[in-house]
Amino acid sequence: MLDIQKIRNNPEEVKNALKKRLYDVDFTELLSWDKERRSIIAESEELKAKRNKISAEIPALKKQGKDISELLADMKNVSDTIKKMDDQLREIEGKINDFLAGLPNIPADDVVAGGKENNQVIRVYGEKPEFSFETKNHVDLVTDLGLVDYERGAKIGGSGFWVYTNDGALLEWALLNYFIEEHIKDGYEFLLPPHILTYGCGFAAGQFPKFTDDVFKVETSEVNDKMQFLLPTAETALINYHRDEILKEEDLPKKYFAYTPCYRKEAGSYRAEERGMIRGHQFNKVEMFQFTLPEHSEEALEELIGKAEKLVQGLGLHHRVSKLAAQDCSASMGKTYDIEVWIPSMNDYKEVSSCSNAYDYQARRGNIRFKRKNAKKTEFVHTLNGSGLATSRLLPAIVEQNQQEDGSVIVPEVLRKWIGKDVLKPVNSK
RNA sequence: GGAGAGAUGGUCGAGUUGGUUUAAGGCACCGGUCUUGAAAACCGGCGUAGGCGUAAGCCUACCGUGAGUUCGAAUCUCACUCUCUCCGCCA
């Protein structure tokens, strides 16, 4: 949510900033509603003050035995007028809120305009591995190694699901353990939130009302604002952890991480080249989240992306880090870095982490504030989130980048203590 | 699923025959006096949001949420949400 006062005072500035997202917006209607809203408030509050004053005098008049029937009839009219004005006010505030709720965040100054094509690669780690033999893609590798069962996954969950089996399950779980261990070391608090969330969580995160069709709804209520859904990312839960709270300055920053599966419909996004685990309806992710003071959110974003990079580096995977162009950032975010790992068979890099600064955009939607010591006013916190990391593309990257001529795969060293093996060998012969 | 109890400002808690309670009071917290320092004591401050105003300030709303009755609602009516206790069922 953007600040209505900022739009009121600098409409052109906000308009221009949003153009970076290729988003052309007209504030004339909004500003006229805003003006009307304030005039209604002024008028209705004046009447309310009158009502309060006279209502307080009525007991005394009654005691004196005066005839107040005319006064009461008069006040009845005043009350009716107030009611009408408050209805008008509610309607216009509804329009204002709907308009504001539909606007995306303002991109940071150093974020370039345009879409994906303008993303800038800012760091590259390692090199594309060279193979002197015929390589396999990850679907064949994990099948041959007995790590994943796609057919039975589809049988029991439908298209877009798979089952991690044996060493595959251990490998998946080892990744999660590795991430958890690192975040604990860095002093982040570990949370395991519910996987089913209320509509309000989706709104505060900035995913609703626009993207209600992208999540799996749970059949609890037909009413939209009571709707519950399976979380598409733990971010949706974590942003709401402190919803409607006023935090103390000295408690910030708050640093959390959570493990949850992520459930996404991904309707219509299936592409033939994205076979295997690249895009499923359910994947595992550890999510980092911070609530910070406004003046510290820039450095917090660097901390998050630094932590995520360190995790990928620990696995020894070739990857690159990009700063996203305005249009490629999700609506709530003002600045986003992506980490993509190299998937040899696809000849492409695939996202394993996305770290973003929402500035005060989500905090406004979730009403998450803080108060400085000795300050009168509250301020909105800044919120940041980052995957640390999502596993579904790591496993393909690991098996493809670490494959050997005999079809075996070398286990990254940091994971070995949980798997008990240095090398995974084919178990299924074709 | 059944029965009962409850929801008031950071916390505890008064207020429920509707109108001098404009949400009392205690605790916690902050500032000050006193003290070598601390404690105690005393004094003062101490919710959120919105509107008007250059400002001091004035006004309005909020007692779980939403509607209703009334000149006037924390207080009365209805619906809903959540929490707690007990019973039943269940992986």
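Throughout, a chain's letter reflects where its sequence line sits, starting with A, and its residues are numbered from 1.
Remark: side-chain polar atoms of A/Thr236 are not paired, donor with acceptor, to backbone N or O of A/Gly202 under 3.5 angstrom.
For residues 45-60 of chain A, the set of pairs meeting the salt bridge (Lys or Arg N to Asp or Glu O under 4.0 Å) definition, not counting sequence neighbours, comprises A/Lys48-A/Asp86. For residues 366-388 of chain A, the set of pairs meeting the ring pair (Phe, Tyr, Trp, His ring centres under 6.0 Å) definition, not counting sequence neighbours, comprises A/Tyr359-A/His382.
For the pair A/Asp251 CG and B/rG10 P, the interatomic distance rounds to 15 Å; values are reported in whole Å. Whole-Å rounding puts the A/Asn77 CG to B/rG72 P distance at 11 Å. In this structure, A/Ile96 atom CD1 and B/rG50 atom C1' are separated by 12 Å, rounded to whole Å. One interatomic measurement links the two molecules: NZ of A/Lys62 to C1' of B/rG72, which rounds to 9 Å at whole-angstrom precision. Here B/rA49 presents its P atom at 5 Å from NZ of A/Lys377, a figure rounded to the nearest Å. In this structure, CD1 of A/Ile368 is placed 17 Å from P of B/rU48, rounded to the nearest angstrom. Taking atom CD of residue A/Glu93 and atom C1' of nucleotide B/rA49, one finds them 11 Å apart after rounding to whole Å. Between the C1' atom of B/rG50 and the CG atom of A/Asn367 lies a distance of 13 Å, rounded to the nearest Å.
Nearest nucleotide to the side chain of A/Pro59, out of B/rA49, B/rG19, B/rG51: B/rG19.
Taking atom C1' on both B/rA91 and B/rC82, the two are 25 Å apart, rounded to the nearest angstrom. Taking atom C1' in both B/rU16 and B/rU11, one finds a spacing of 23 Å when rounded to whole Å. The P atoms of B/rA79 and B/rC29 are separated by 44 Å, rounded to the nearest whole Å. When the C1' atom is used for both B/rC30 and B/rU20, the distance is 32 Å, rounded to whole Å. Between B/rC86 and B/rG44, the distance separating the two P atoms is 47 Å to the nearest Å. B/rC76 and B/rG15: their C1' atoms are spaced 16 Å apart (whole Å). Annotation: B/rA28 and B/rG37 have their P atoms spaced 23 Å apart (nearest Å). Straight-line distance between the C1' atoms of B/rG64 and B/rU81: roughly 8 Å, to the nearest whole Å.
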Please output the side-chain donor-acceptor pairs of residues 74-83 of chain A that fall under 3.5 Å, not counting sequence neighbours, one pair per line with the distance.
| from | atom 1 | to | atom 2 | distance (Å) |
| --- | --- | --- | --- | --- |
| A/Thr81 | OG1 | A/Asn77 | O | 2.9 |

For residues 185-196 of chain A, tabulate all N or O donor-acceptor pairs below 3.5 Å that involve a side-chain atom, not counting sequence neighbours.
| from | atom 1 | to | atom 2 | distance (Å) |
| --- | --- | --- | --- | --- |
| A/Lys185 | NZ | A/Glu182 | OE2 | 3.2 |
| A/Asp186 | OD2 | A/Lys307 | NZ | 2.5 |
| A/Tyr188 | OH | A/Gln290 | NE2 | 2.9 |
| A/Tyr188 | OH | A/Glu303 | OE2 | 2.4 |

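Within 4.0 Å of A/Thr378, counting heavy atoms only, lie sugar-phosphate atoms of the nucleic acid but no base atom. As judged by a 4.0 angstrom heavy-atom cut-off over every strand, A/Ile68 is placed among residues making no nucleic acid contact. Counting any heavy atom pair closer than 4.0 Å across all strands shown, A/Leu72 reaches a base atom.
Every residue two or more places apart in sequence or in another chain was checked for a side-chain hydrogen bond (donor to acceptor under 3.5 Å, both in side chains) with A/Gln88, and none qualifies. A/Lys421 pairs by the salt bridge (charged side-chain N to carboxylate O under 4.0 Å, His left out) definition with A/Asp167, not counting sequence neighbours. Residues meeting the ring pair (Phe, Tyr, Trp, His ring centres under 6.0 Å) test with A/Tyr241, sequence neighbours left out: A/Tyr256. Listed by chain and number, the residues in a ring pair (Phe, Tyr, Trp, His ring centres under 6.0 Å) with A/Phe229 are A/Phe208 (sequence neighbours excluded). Applying the ring pair (Phe, Tyr, Trp, His ring centres under 6.0 Å) criterion to A/Phe161, with sequence neighbours excluded, gives A/His281.
The pair A/Lys371-A/Glu249 does not meet the salt-bridge criterion, since no charged nitrogen lies less than 4.0 angstrom from a carboxylate oxygen.
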Audit row: A/Ile7, A/Leu100, side chain to side chain contact (heavy atoms under 4.5 Å, CB included) steps and yes/no: CA-CA 10 Å; A/Ile7 297 174; A/Leu100 290 177; 3.7 Å; yes
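For the pair A/Arg264 and A/Phe216, the cation-pi test (distance below 6.0 Å, angle within 45°) is failed.
Mapped onto RNA chain B by nearest heavy atom, A/Lys76 and A/Glu379 fall at different nucleotides, with A/Glu379 at the one closer to the 5' end. Comparing A/Arg369 and A/Leu71 along RNA chain B, the residue whose closest nucleotide (by nearest heavy atom) sits nearer the 5' end is A/Arg369.
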task: Summarise how protein sits on nucleotides 52-65 of chain B as a single string, 5' to 3': B when a protein heavy atom is under 4.0 Å from the base, S for sugar-phosphate-only contact, - for no contact.
output: S------BBS----
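Residues of residues 79-91 of chain A that place a heavy atom closer than 4.0 Å to RNA chain B, in numerical order, are A/Ser79, A/Lys83, A/Arg90.
Secondary-structure stems of RNA chain B, taken as three or more successive Watson-Crick or G-U wobble pairs (i with j, i+1 with j-1) under a 3.5 Å distance threshold, comprise B:1-7 with B:81-87, B:10-12 with B:25-27, B:29-33 with B:41-45, B:47-52 with B:57-62, B:64-68 with B:76-80.
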